[in-house]
Structure formats: C-alpha cells, structure tokens
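Below you'll find the structure, written out as structure tokens, and then a few comments.
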Amino acid sequence: MILQLKPGTSEQLAHELAERFSAFCVFDGGHFLLVTSSSQHQANPETEPYVERIQTFTDDMQLSSRRWQKQTREVIVGNSHFGNGKSTVVMAGPCSVESEQQIREISGLLVAQGLGTLRAGAFKPRTSPYTFQGMGKKGLELLMKMKQEFGLNIITEVRDSTHIDEVIEVADIVQIGAKAMYDQGILRRCGKSNRAVMIKRGFGSTLQELVQAAEFVMSAGNLRVLLCERGIRTFETKTRFTLDLCGVAWLKENCNLPVILDPSHAMGYAYGVPDLTRACTAMGVDGLLIEVHPDPAKALSDASQQLTPQQFRDLVASLQPIAQAVGRKIS
Ligand code: PEP
Ligand code: MN
C-alpha cells in the first residue's frame with residue numbers, strides 16, 4: 001500500500017510517520033510517500049490527517065506499477081533519456097574491459113556512431129572460477145579514463161558487495177547482473193545511491209521477482225531504475241538463452257520503469273544479434289545493450305556473441321528507420 005502525504009509535509013514528519021507505521025519513506029514526484037506491504041489494504045486511521053492519496057495493490061509491484069504512476073519514470077543520464085517514449089538508447093561495448101587499447105578503440109567507435117554510453121565489465125560474474133574474472137579496479141580506472149577523454153556515460157556491473165562503492169563512483173549506470181539480481185546487499189546499497197541502476201533479469205527469475213528486485217532499490221529511495229530482459233533459460237539449447245519478448249510486452253503494459261533489451265546475451269552467437277536487435281528495436285523499447293569487441297575471436301569473455309566494429313556499424317545504420325517507424329530515435 002502507498003500513502004501519499006499531503007503537500008508541505010516536512011521530511012522530519014514523513015520519517016517519523018514512516019517509523020511509527022513501519023513503512024518505507026520515499027520522496028517521489030514532489031511528495032513524501034509511506035510504502036508498506038501490498039498485503040495491507042487499510043491505512044491506520046491515525047495517518048488520516050497527513051494523507052491525501054491511498055493506493056492498494058494486489059502484489060508487491062507498487063512504486064514500479066503503472067497503477068501507482070501511469071507515466072513511465074524517465075531516467076536521464078547525461079544526454080541520454082530512458083523512458084521518454086521517444087528514444088531507444090544504444091549502450092554498447094565489449095563484455096569486459098581487457099586493455100586500454102581495446103576500450104579506447106570501442107570508445108572511438110561509439111562516438112563516431114553518435115552514441116553516448118559505453119558498456120564494459122571490470123568485475124565479471126563468471127560461471128567458472130578458472131576463467132577471466134575481469135580487470136577489477138584497473139578496469140574501472142580505464143573506464144574512468146574513457147569517460148573523461150570521450151565524454152561517454154559508463155555502464156558497468158557490480159558483481160558483489162566487496163567493490164560496490166568503487167563501481168558507484170565510476171558508473172553513470174550501475175549494472176546489476178542476472179546472477180546478482182537477488183543480492184540484497186547490492187540492491188539496498190544501490191537504493192541509497194543517486195546513480196541510475198540497471199537490473200538484469202535472472203535467467204531463472206519471474207517478471208514478478210524482477211520488479212520486486214527493483215522495488216528493493218526504489219523503496220530505499222532511488223527511483224532511477226532500468227529493467228533489462230537478457231534472455232531466460234528454457235528447454236532450448238541451440239541458442240544461449242531465450243529472449244522473453246512477451247515478458248517485455250508485459251513490463252511495458254504494467255510497470256512504469258524503462259525497459260532495456262540485451263540481444264547479445266540472449267542469443268549468445270554474433271550471427272543472430274543483428275536480426276534480434278532489429279526485432280527488439282521494433283518493440284519500441286527504451287534501450288539496447290549490445291556487445292562489440294575489436295577482435296571478438298580473441299575476447300576474454302563472451303567471445304562468441306560479440307560483434308566486430310564493422311558488424312556494429314552496419315547494425316546501427318539499420319536501426320534508425322526501424323526506430324522511426326515506431327516513433328523513436330536511436331541515440
Ligand atoms: C554482461 O552484461 O556482460 C553480463 C554478464 O550479463 P548477465 O548478467 O546478463 O549475464
Ligand atoms: Mn557479456
């Protein structure tokens with residue numbers, strides 16, 4: 001249940017009321033809100049003098065529900081607008097930062113395409129401890145350097161809570177990966193930051209679990225959340241995962257957070273990524289996450305799915321008319 005406090009309620013009073021009624025206190029759109037479990041359907045009568053709107057829910061998708069706020073929550077990061085209904089923001093880069101030369105080449109490629117957001121992992125959540133685990137802090141330093149040199153926004157992932165403050169410092173968008181989606185330490189810490197946060201759907205997670213992960217961040221005070229569909233695990237093994245576009249349609253209809261699609265991790269093979277990216281663009285989503293590497297065959301992680309620079313250029317050129325057909329612009 002969400003109780004919207006009357007205009008002019010002081011921060012101190014809002015916090016006192018939250019304490020008294022065991023609620024989260026969130027400042028949203030110029031109002032203080034008290035947020036409790038969706039199992040609560042009646043407000044304590046003592047709150048009445050302070051409250052101007054009460055909304056009940058059938059499940060714990062509350063702050064992120066269109067029933068609470070119909071309009072998509074726009075997340076602005078530098079010049080990029082996620083969720084304004086007019087743009088599809090292409091975020092691209094290698095799976096991992098591997099060297100200065102590698103990340104500089106890709107940064108130059110993005111700028112030449114008129115794109116403003118560089119993706120690359122420094123702390124990689126690998127499925128085996130014996131594979132490349134990412135450059136760690138050195139990788140973050142390189143990303144910071146690219147941000148300063150090229151003016152790019154950086155999206156990079158936090159793998160666990162051992163390095164979360166370092167990532168928050170460098171990232172304009174903090175990526176919470178599919179395997180970290182349930183990590184409450186990461187979700188709560190991101191909720192206390194003012195950085196935009198992109199949560200990737202776990203490959204065995206329901207849509208309800210995904211939006212509830214977002215609610216952890218939002219109820220802690222940070223409403224700048226993006227949701228990313230990156231493929232779920234099904235009985236099919238020919239492709240790496242199965243991209244759940246029905247799920248995306250559901251999110252667009254019911255949830256007020258911007259939606260990002262990641263065709264690279266879903267497909268797992270570069271040959272399918274351009275077609276899939278065009279299909280994603282045609283769905284009218286708020287952003288795309290695409291892996292591109294100067295020499296994919298030599299990539300230290302996710303080698304099979306990364307596009308070459310030329311494949312990436314061709315792909316971006318083909319996206320603009322598709323975006324236009326659904327009333328958007330690639331940016
Ligand atoms: C990634 O974006 O490189 C990544 C590891 O993604 P996911 O968490 O979706 O597997
Ligand atoms: Mn990857």
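Computed from a prediction, not measured in an experiment: that's the story for all the values here.
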Any non-hydrogen side-chain atom of [X] less than 4.5 Å from a side-chain atom of [Y]?
X	Y	result
Arg53	Trp68	yes
Leu63	Ile2	yes
Leu251	Leu227	yes
Arg119	Glu291	yes
Phe82	Glu74	no
Ile164	Val174	no

Under a plain distance cut-off of 3.5 Å, with no hydrogens placed, do [Y] and [X] share a side-chain donor-acceptor pair?
X	Y	value
Arg313	Gln310	yes
Thr72	Arg66	yes
Asp60	Ser38	yes
Gln212	Gln208	yes
His265	Asp302	yes

Exercise answer: donor-acceptor pairs, residues 216-226 side-chain atoms, under 3.5 Å, sequence neighbours excluded:
{"residue": "Ser219", "atom": "OG", "partner": "Glu215", "partner atom": "O", "Å": "2.7"}
{"residue": "Ser219", "atom": "OG", "partner": "Phe216", "partner atom": "O", "Å": "3.4"}
{"residue": "Asn222", "atom": "OD1", "partner": "Arg224", "partner atom": "N", "Å": "2.9"}
{"residue": "Asn222", "atom": "ND2", "partner": "Cys190", "partner atom": "O", "Å": "3.1"}
{"residue": "Asn222", "atom": "ND2", "partner": "Ser193", "partner atom": "O", "Å": "3.0"}
{"residue": "Asn222", "atom": "ND2", "partner": "Arg195", "partner atom": "O", "Å": "2.8"}
{"residue": "Arg224", "atom": "NH1", "partner": "Asn194", "partner atom": "O", "Å": "2.7"}
{"residue": "Arg224", "atom": "NH2", "partner": "Ile76", "partner atom": "O", "Å": "2.5"}

Nearest 0.5 Å, what's the [atom1]-[atom2] distance between [X] and [Y]?
X	Y	atom1	atom2	result
Leu152	Thr117	CG	OG1	7.5 Å
Leu142	Arg104	CG	CZ	8.5 Å
Gln62	Gln55	CD	CD	9.0 Å

Counting heavy atoms not belonging to [X], are there more than 12 under 6.0 Å from its [atom1]?
X	atom1	answer
Asp165	CG	yes
Gln12	CD	no
Gln184	CD	yes

Margin query: Between Phe312 and Leu115, is the side-chain contact (heavy atoms from CB on, under 4.5 Å) condition met? List the steps.
Written below: CA-CA 12 Å; Phe312 181 72; Leu115 302 174; 3.6 Å; yes

[X] side chain to [Y] backbone, donor-acceptor under 3.5 Å:
X	Y	value
Gln311	Thr308	yes
Lys6	His31	no
Ser264	Gln305	no
Ser65	Arg67	yes
Gln4	Leu33	no
Thr47	Asn44	yes
Gln69	Gln71	yes
Gln102	Glu98	yes
Glu149	Gly151	no
Asn153	Val77	yes

Next item on the list: Please report the C-alpha distance between Ser161 and Arg189 in whole Å, then the side-chain angles of each, then the deciding distance to 0.1 Å, and finally whether the side chain to side chain donor-acceptor pair (under 3.5 Å) criterion is met.
Entry: CA-CA 9 Å; Ser161 49; Arg189 175 67 188 86; over 6 Å; no

If I compare all heavy atoms of [X] with all of [Y], which pair ends up nearest, and what's the gap?
X	Y	value
Tyr182	Ser205	OH-OG, 2.9 Å
Val75	Pro258	CG2-CG, 4.1 Å
Ile232	Gly202	CG2-O, 4.2 Å

Next item on the list: Take Lys200 and Glu229 through the salt bridge (charged side-chain N to carboxylate O under 4.0 Å, His left out) test and state the conclusion after the steps.
Entry: CA-CA 6 Å; Lys200 297 187 86 174; Glu229 162 59 26; over 6 Å; no

Side-chain donor-acceptor distances from residues 123-130 under 3.5 Å, at least two apart:
{"residue": "Lys124", "atom": "NZ", "partner": "Cys95", "partner atom": "O", "Å": "3.2"}
{"residue": "Lys124", "atom": "NZ", "partner": "Glu157", "partner atom": "OE2", "Å": "2.7"}
{"residue": "Arg126", "atom": "NH1", "partner": "Phe132", "partner atom": "O", "Å": "2.8"}
{"residue": "Ser128", "atom": "OG", "partner": "Tyr130", "partner atom": "N", "Å": "3.1"}

Notebook entry, point to check: Are Leu245 and Val273 in one and the same hydrophobic cluster, where Ile, Leu, Val, Met, Phe, Trp and Tyr link if side-chain heavy atoms are under 4.5 Å apart?
Noted result: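 Linked within one cluster.
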
Notebook entry, point to check: Hey, mind stepping through Gln324 and Gln320 against side chain to side chain donor-acceptor pair (under 3.5 Å) and telling me if it holds?
Noted result: CA-CA 6 Å; Gln324 233 164 5; Gln320 204 65 266; over 6 Å; no

Next item on the list: Run the numbers on Leu289 and Gln175 for side-chain contact (heavy atoms from CB on, under 4.5 Å), then give the verdict.
Entry: CA-CA 11 Å; Leu289 193 70; Gln175 175 174 322; 4.2 Å; yes

Note to self: Evaluate Lys179 against Arg159 for side-chain contact (heavy atoms from CB on, under 4.5 Å), listing each step before the verdict.
What the structure shows: CA-CA 8 Å; Lys179 295 177 203 110; Arg159 182 182 63 210; over 6 Å; no

Next item on the list: Just do the side chain to side chain donor-acceptor pair (under 3.5 Å) check on Ser301 and Ser96 with the steps written out, would you?
Entry: CA-CA 7 Å; Ser301 60; Ser96 305; 2.6 Å; yes

